[in-house]
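Written below as structure tokens is the structure these notes are about.
Note that the structure is predicted; figures quoted are calculated from it, not measured.
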Amino acid sequence: MAEKNLIDRGTSRRPAPAASAVSVASLHNAASEPWWLPGVVGGSTSGEPAWAAFAREAVAAAPRDVVVADRAYPGLSGFGPVVVPFVEAAAGRLRDALADGEPEGDGGDGTPVLADFRRQLTRRLARIAARTLVTELHEARRLGRLSGEGPEERFRDFVALTARRDGLDRLVTGYPVLARLLATACLNTASAFAELVARLAADRHLLAPAGVFGDPDGGPGGLGPSAGPGALTGVEAGAGDSHRGGRSVMLLRFADGTRLVYKPRPLAAHRHFNSLVEWFGSLPGAPELRVLRVLDRGDYGWAEFVAERPCASGAETRQFYRRQGALLALLHALDGTDLHHENLIACGPHPVLVDVETLFHPPLGPARSADPAARALHDSVHRVGLLPQLLVGDTTALDMSAIGGGRAASSPIETADWAEAGTDRMRLVRRAGRFTESANRPRLGAEAADPSAYTEALCDGFRAGYTAIHDHRDELLAPDGPLRRFAGDEVRVVPRPTWTYTTLLDESTHPDLMRDAAERHRVLSLLRTPLLGVPALSGVEDEEIAELWCGDVPVFATRPGSGRLWSGTGRTVAGSAPEGSAPDAVAPTGLARVEAKVRAMDTVDRQDQERIIRTAMVSTSPEPPHRPGAGGRTPGAATAPEPEQLLSAARSVGDQLVSLAYRHEGRTNWIGLELLGERYWRLTPMAADLAGGYTGPALFLAQLAALTGVSRYAEAAREALAPVPGLLDALHGRADELGALGSGAYAGLGGIAYALTEVGTLLGDREVLDLAGPAVRLSCAANAAEDGYGVRGGAAGGLVSLLAVYRATGRPQAWWGAVRCAERLAAAPAPGTGGFADGAAGIGWALLRLAGAGGDARHRSAGLHSLRRATALTDAATDHGPAWCDGVAGVALAIADSPDAREDPELSGWLAARSGELAGINPLADDSLCHGESGLLELLGHSALPALLPGVRAAWVRRAGTLVAAADRAGPLCGTPGHVPHPGLLTGLSGIGHGLLRAGFPDRIGSALLLDPSRAP
């Protein structure tokens, strides 16, 4: 994992000190706070820190002999005896505090509360100490210090030796930073538990009247003013991250089965949110929303426990999603964010938010981006977190949102785990963790709902909620209105992803860092570098590091009516506005931003937000992302559409593209769908690749401008390419990343070089055309380091892209780069698939294209062999649909476009037979280039085909007529789930528009699927 590599580079490996009789009291010399971090864990820089005194106490109380039970120890459970002295010292402090707490006897020794405390603290301490203990385990085994016949016996012997007083003394003396972390966790956890119990005792008389106890099943309705839940029987800490000295959300269980949630932070914002929801529900047309009942007690509060409950009918499920759409509109208006699957409970037909601490959130990094699409997406409903949000790993992705997430699945990101636990061979490994199922998705019976089936209900609820806010905004924004009540409430600010902190906390327990505080501090200070990302707000790094030293996930807070930002330690962050300063002393306050947003709400913005909702919901669809299919459309009339008809249809597509674009200060971009690993769709600002990035729309718009002379198309094409010079400059300084990008035509640098050449040629723009030079150089460099071989993202794509640039510009480097790509292909292993985009057909076609342009006989032979393999693989496949990307149409197109292949009787016979089959199939489900009608038209319209298949012209006419008629009636159908509009080339509007131009003007517009050059006007 990348974070581990950072840790390893940031430490030195030192030998462990020999066992010594040094007093534990002196260990703070090596582990105390650096002078630039005074008072991180309490105590005094002039005296013994509190953690050191606690560690001394814990070690002194450790037994002189320890017996470890003869049983299996899964996970980290075997290290329990080592940390028990720390746990018991903390339990003693908690027991003393509980003696004055609950009157029902909840605080006595051996009570369930103490048992929960011991269990949870033991688990936490074992995790902190695990890396160090495993290192010591291996060292003891290497030196032959362990007794026992088997690995399990030797492990238990190590635990027994380490857990006794002299062993624990050697451990904490050798690893003083570990002692500091263990002691700090103990002190903080004991204090947090004691504080909880004291607050519960003080507030019992208020909880039942407030209704936050609910009923044992989690339904609505309080127990009444005189009822009580009985004795406290259990406490589950860690329902959220640890903040502010070990405090976290806790779930309380009582003797009668009722449950209660304790939140050690102010709940005024949630209380005012509930009031706002009540006002919202009273508006005409707005769906009624259920809220989480809370009791706000100033610095902390109590909340009802809401249990998941299934829907009783399909109608209730639709009600759930309609309410969720309205909730999305309200949260969008309030600048809410980070509302993922763990923050929402599906309680029958009601989506219940259990956390609203991130309302009025300041803008994050994308808000400052020069990319207008990135800024628009950041400011949209997508930012709330309810809509699908993918956590992306190396091979998989997982939705973390409240709408689409919550499924039980493996994590896409590998984390530290332990192999052969409970033996002396125990070791750290990296593997995917496991997410358990959450309660955010409604169920009908035992089945969780498919969110994509309820997109209309979601949008209907959003429209109703948005309209209600718009129509009554004067009331909302009034000086005494519900919005102003939030002005003085504490809300949370999340300057960077929480996983950054949790990963750093875990990885910084490396044993090399447990010996010297300065070493660990240096690793935590990676937060100051770009290696761990740039925080959304400046000046927070010092406080982040201070809180990490406390064992906490850093937390920051502000007030909607203030510009002041403070950390979990209570200190004001440098650069934020002082308390009481004018709102314009720094950036606008959260309240001012929300008020401005509400004033700007209108029909155009609502429609834009709805479009983003529909597009985002694509990722929840169970439809395969890349499969052609019959569409049930009526074939067109057997009359060839006139070129002007095709041009008119293409102009409609171009106008739609321009209307979907986001433009700002000379930049144009789109919010599009990125297909990850051929499996996952992700809503994102378009990147630079030709398949789904902004170079695709730029290419089509330049072609449209060249045919029509309309300046707005040319202007949008040029503005779309505005970031390319900066991108190329940045890549020149990051040569080690070029191999991952590749030279491919659609997912690599070769396609960018091709698009720049095409746009520059079509528009007569020398500045754009000159950019092809550095793009060619980068593509050549990428080819030398890449692993792929296909057209989409590998050497075959690099070959044909560079060859197209050479034919258009005569650049020698492009020719030699194409030759080097061919050499890699000739030596490559035989592909396992036959398709055009990633398989044998595309590779064979690329080699034959080079052979026809002046390559040698080896290229011709290898190309023919690859095409024969493609036909065999395609015939053997059980599912070889009519797609260009991986189906019959792509293999046929590769043969049709290769003169050498057409002269081969075997290949030409295959081409004629398969093209005849494709000519007679019904219209496909979509119009895309990749696996729809536009890609099939490219094959049937190829100039070489009529000689092999005399009736192909009539088939082409019918299909072209179908495409035009479909565009006129319902608009073009993109190759995305539900055919949602997408600007990209292979599956979206740009490719459909390009297909229309190819059908009408094949002599002027070069094929994007064959990377042919267009003819300049």
Side-chain angles (χ1 to χ4, degrees), residues 678 690 731 735-754 775-807 811-874 876-877 885-886 890-891 893-895 897-901 903-904 906-907 1010-1011:
E678 301 301 301
L690 187 58
L731 290 176
D736 57 329
E737 298 180 14
L738 295 180
L741 294 175
S743 66
Y746 299 103
L749 289 157
I752 296 174
Y754 168 78
V776 165
R777 290 192 291 274
L778 289 168
S779 184
C780 292
N783 173 252
E786 68 186 336
D787 296 326
Y789 299 102
V791 169
R792 188 197 312 268
L799 190 163
V800 290
S801 300
L802 292 171
L803 194 56
V805 174
Y806 173 73
R807 291 166 63 184
R811 294 179 183 273
Q813 188 176 15
W815 169 260
W816 292 115
V819 171
R820 284 192 289 271
C821 288
E823 295 304 318
R824 284 196 65 240
L825 292 175
T833 59
F836 195 115
D838 298 300
I843 292 172
W845 162 76
L847 288 168
L848 289 173
R849 176 162 282 197
L850 183 65
D856 58 37
R858 292 182 302 117
H859 301 144
R860 180 181 184 276
S861 175
L864 289 172
H865 175 77
S866 191
L867 282 180
R868 292 190 189 99
R869 178 175 175 81
T871 60
L873 288 169
T874 302
C885 54
D886 61 359
V891 181
L893 184 60
I895 298 171
D897 196 57
S898 305
D900 288 328
E903 294 174 2
D904 182 285
E906 177 186 343
L907 291 174
L1010 296 172
L1011 287 99

The side chain to side chain contact (heavy atoms under 4.5 Å, CB included) partners of Glu906 (sequence neighbours excluded) come to Arg868, Asp904
Quick one: [atom1] on [X] to [atom2] on [Y], what's the gap to the nearest 0.5 Å?
X: Tyr746; Y: Tyr754; atom1: OH; atom2: OH; result: 7.5 Å
X: Glu823; Y: Asn783; atom1: CD; atom2: CG; result: 10.5 Å
X: Ser801; Y: Leu690; atom1: OG; atom2: CG; result: 8.0 Å
X: Ile752; Y: Leu741; atom1: CD1; atom2: CG; result: 8.0 Å
X: Ile843; Y: Thr833; atom1: CD1; atom2: OG1; result: 8.0 Å

What is the minimum heavy-atom distance between [X] and [Y], and which atoms define it?
X: Ala901; Y: Leu864; result: CA-CD2, 3.8 Å
X: Glu786; Y: Gly793; result: OE1-O, 3.6 Å
X: Ala818; Y: Leu850; result: O-CD2, 4.1 Å
X: Tyr789; Y: Arg824; result: CE2-NH2, 3.4 Å
X: Leu778; Y: Leu749; result: O-CD1, 3.8 Å
X: Ala841; Y: Ala894; result: O-CB, 3.6 Å

Would a distance-only check, ignoring hydrogens and angles, find a side-chain to backbone donor-acceptor pair under 3.5 Å from [X] to [Y]?
X: Arg807; Y: Ala853; answer: no
X: Arg849; Y: Leu799; answer: no
X: Ser861; Y: Ala857; answer: no
X: Ser743; Y: Cys780; answer: no
X: Thr874; Y: Ala870; answer: yes

Report the residue from Leu848, Leu907, Leu847 that forms a side chain to side chain contact (heavy atoms under 4.5 Å, CB included) with Asp900. Leu848
Determine which pairs satisfy ring-ring contact (aromatic ring centres under 6.0 Å, His included) with at least one residue from residues 838-869, sequence neighbours left out, and list them in order. Phe836-Trp845
Can you confirm whether more than 12 heavy atoms, excluding those of Asp787, are under 6.0 Å from its CG atom? no
